[in-house]
Each structure stands twice: as C-alpha cells, then as structure tokens.
Amino acid sequence: MTIRKIAQIGHPILRETARPLTKEELASPRIQAFIDDLVETMRDANGAGLAATQVYEPLAICAIEVGDNPRYPYKPKIPLTVLVNPVVTALSDETFENYEGCLSVPNLRGVVSRFARVKVTGWNRDGSPYDQECVGFTAGTMQHEVDHLHGKIFVDHVKDPRTFTTWAEFDRYHKGPFMETVAQVVARYHR
Ligand code: NI
C-alpha cells in the first residue's frame, strides 16, 4: 500500500467530474489496490473521508470512516465505507449548519448548510449494492465526499464567508457555540 499525495485547493483535478466505473474495472487488481491506497491515505491524514479526485484519480470512488477522529472528535462513528459510483438524494428539505473542513483545503473551516436526511446508493468495493439512509453529521460527510466526485469543494457552499476560520481560531472562538449545535444535531438525528 502507498500513501498518496493529497491535491490542494487550486489544483484543477479537484474541479474535475469523476468518471463512473464498470463492475469489471472495479474488480481489477489496479482499482482494488487503488482503493487500499485511498483508505490508507485517508487514515494517515486523519480524514473523515477522502475522494479519489483528491488523490489525482478522477474515478467515482470515495472512502469514509469516522472512529476516534482528532480532527472531528464530535462526529458520530461511521464504519469504513467505500462508495463506488455513489448517488446522494435528499429525503427531506430539512438542513443543518455544519463547520466543515477538508484535507484539500489547508487550515480552513467554514459553515455549510447540508441536508439532514439523505439516501446514498451505489456499490461497495466488491460491486455489491450499497443503499443506506444517512442522517445528521453522517449525512453531511456523505454529501461532502460525493461533492468531490462532482468537482465541488465545501468552500463553494459557504454562504457567509465571514464564517471562514483557521483551525486554531475555530478552537479559540467558534468551538464553544458550535458544540451547542453539535449537541442539538446529535440529539435530533443520532439517537
Ligand atoms: Ni473534502
């Protein structure tokens, strides 16, 4: 396995639309080895997710995993999930406000509005169907990662640029108030 380099905002690859894979291609040793690298790179960088375009491969694959994550200690856990050709559909017009960050956007967070209930469909890495309803922060993470496969970065969704903050200033000034939102989102969607 190889830890890949992560593309940084401004690199054109992050604006490309990823191409879907066929089942045959997904089963190939090259793509399966690539998925191993994607997962390894995500874990090495403490990401909650990583899309193939972020490691310079315009393929419709992303990895998501939330354990005890030092970048996002408040996020409910998500077991390792590899999504191939994923599609996200909102299940209601309910939204919540989330401070997002991204491994491709160094040292910046900002407030993004995300659908609170979504359906995610696609394939697992073995080509079997993936079909899950996701809520709250998990729904937000899914939307963030699948956005990458359409050439979108969270900064595109930040309506109020005054919410942009470095990670240090987030901890200093915004974490306290945001933890109240976190408690509300967790209470509403994660129990
Ligand atoms: Ni990202």
Side-chain angles (χ1 to χ4, degrees), residues 3-19 34-35 37-88 90 95-116 118 120 122 125 130 132 134 136-161 163-171 174 178 182 185:
I3 291 170
R4 306 273 186 123
K5 189 179 165 196
I6 299 175
Q8 300 292 285
I9 187 167
H11 194 290
I13 187 75
L14 294 170
R15 297 307 186 174
E16 278 186 34
T17 298
R19 72 171 173 82
F34 168 71
I35 291 172
D37 289 355
L38 185 69
V39 170
E40 201 60 21
T41 305
M42 170 182 71
R43 288 176 170 165
D44 178 70
N46 291 320
L50 191 64
T53 46
Q54 290 182 276
V55 292
Y56 304 86
E57 292 277 356
L59 303 169
I61 307 175
C62 57
I64 289 151
E65 182 180 43
V66 179
D68 291 316
N69 190 308
R71 278 166 63 87
Y72 304 102
Y74 52 85
K75 279 196 183 191
K77 297 195 177 11
I78 308 175
L80 177 63
T81 305
V82 174
L83 297 174
V84 181
N85 302 341
V87 176
V88 172
T95 59
F96 72 104
E97 305 264 284
N98 192 12
Y99 263 102
E100 295 197 7
C102 179
L103 295 174
S104 293
V105 183
N107 200 17
L108 198 69
R109 304 187 73 163
V111 174
V112 174
S113 175
R114 293 292 189 184
F115 290 113
V118 299
V120 182
R125 68 180 291 174
Y130 180 92
Q132 286 276 312
C134 301
F137 289 110
T138 305
T141 302
M142 295 292 181
Q143 288 164 83
H144 178 116
E145 296 313 323
V146 174
D147 266 359
H148 276 301
L149 302 177
H150 297 280
K152 287 191 207 129
I153 304 174
F154 83 89
V155 296
D156 306 351
H157 297 296
V158 173
K159 283 199 198 81
D160 184 353
T163 64
F164 280 125
T165 174
T166 65
W167 284 67
E169 302 303 2
F170 172 79
D171 280 348
H174 307 289
F178 179 57
V182 168
V185 170

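Residue numbers run from 1 in the order of the sequence given. Order of appearance sets the numbers: ligands from 1, and atoms from 1 within every ligand. What you are looking at is a predicted structure, and each value in this text was computed from that prediction instead of being measured.
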For the student: nearest non-hydrogen atoms of Ala48 and Thr141, plus distance: O-CG2, 4.2 Å
Check: Phe96 main-chain N/O paired with Arg114 side-chain donor or acceptor under 3.5 Å: no
Nearby protein N/O/S atoms (those under 2.8 Å) for the Ni ion (ligand 1), with water ignored: Cys102 SG, His144 NE2, His148 NE2
Under 3.5 Å, sequence neighbours excluded: what are the donor-acceptor pairs made by side chains of residues 53-61?
residue : atom : partner : partner atom : Å
Thr53   : OG1  : His148  : O            : 3.3
Gln54   : OE1  : Ala51   : N            : 2.9
Gln54   : NE2  : Ser104  : OG           : 2.9

Heavy-atom closest contact (Ser113 atom, Thr95 atom, distance): OG-CB, 3.5 Å
Donor-acceptor contact present, side-chain Asn46 to main-chain Asn69, <3.5 Å: no
Pair Tyr72 and Phe137, ring centroids less than 6.0 Å apart: no
